[in-house]
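Quick caveat, the model's predicted, so the values are computed rather than measured. Values below: every heavy atom of this structure, side chains too, minus hydrogens, waters and symmetry copies. We count ligands from 1, going down the list as the structure has it; atoms in each ligand are counted the same way.
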Amino acid sequence: MEISHIEHIGIAVESLEKAIPFYEQVLGFKCYNIEEVADQKVKTAFFMVGQTKIELLEATSPDSSIAKFIEKKGPGMHHMAFAVKDIEGALKEAEDKGVKLIDATPRAGAEGMTIAFLHPKSTNSVLTELCEDKNK
Ligand code: ZN
C-alpha cells in the first residue's frame with residue numbers, strides 16, 4: 001500500500017480539559033479543533049506537529065472503546081494512524097496478506113477523514129488506523 005506519512009497519533013485521555021494544557025503550555029502546540037465523533041463515542045482534540053497530528057481522545061460514554069481501553073490499560077498511547085492514498089485498496093491488500101481487520105469497510109472519522117482500523121493481533125499489538133482524506 002502507499003503510505004505518505006503518519007497522519008496522527010491517538011492518545012487516550014480521561015479528560016481533554018485536563019490533558020490539553022500539557023500540549024499547549026508545555027509543548028507549545030495549539031489545539032485547533034475539538035470535535036465529537038458520535039459514531040465512536042469520543043470527543044477529540046487535535047494539535048498539528050509538522051504534517052502529523054496528535055489526537056487526544058476522551059470517551060463520551062462508558063461503552064466507548066476509549067473508556068474500555070483506559071479501564072484495562074490506563075490512559076496513554078492508543079493508536080497510530082497512517083495516511084494512505086487509496087483506503088479501499090489498502091484494506092484489501094492488508095486482508096489479502098492475512099491481516100485481521102476491525103473495519104472491513106472504511107467509515108467516517110474525525111476531521112472528515114475516511115478511516116479503518118487493523119486489528120492489534122495482526123499489528124504487533126499497535127492498534128493501527130489507515131486514513132484517507134477524500135476531500136483533498
Ligand atoms: Zn485516529
Exercise. Taking C-beta and beyond as the side chain, do E55 and E111 meet within less than 4.5 Å on heavy atoms?
Worked result: no

For this session: Using ring-ring contact (aromatic ring centres under 6.0 Å, His included) as the criterion, list what pairs up with F46, not counting sequence neighbours.
Result: none

Problem set entry | More than 12 heavy atoms of other groups within 6.0 Å of D63 CG | yes

For this session: Sort and list the pairs that fulfil ring pair (Phe, Tyr, Trp, His ring centres under 6.0 Å) and have at least one residue in residues 86-120, not counting sequence neighbours.
Result: H79-F117

Problem set entry | Those residues that, when tested against F29, pass ring-ring contact (aromatic ring centres under 6.0 Å, His included) (two or more places apart) | none

Seminar exercise, completed: Excluding water, the protein N, O or S atoms sitting under 2.8 Å from the Zn ion (ligand 1) are H8 NE2, E55 OE1, H79 NE2, E129 OE1

For this session: Would you check if the side chain of S64 reaches a backbone N or O of P62 as a donor-acceptor pair within less than 3.5 Å?
Result: no

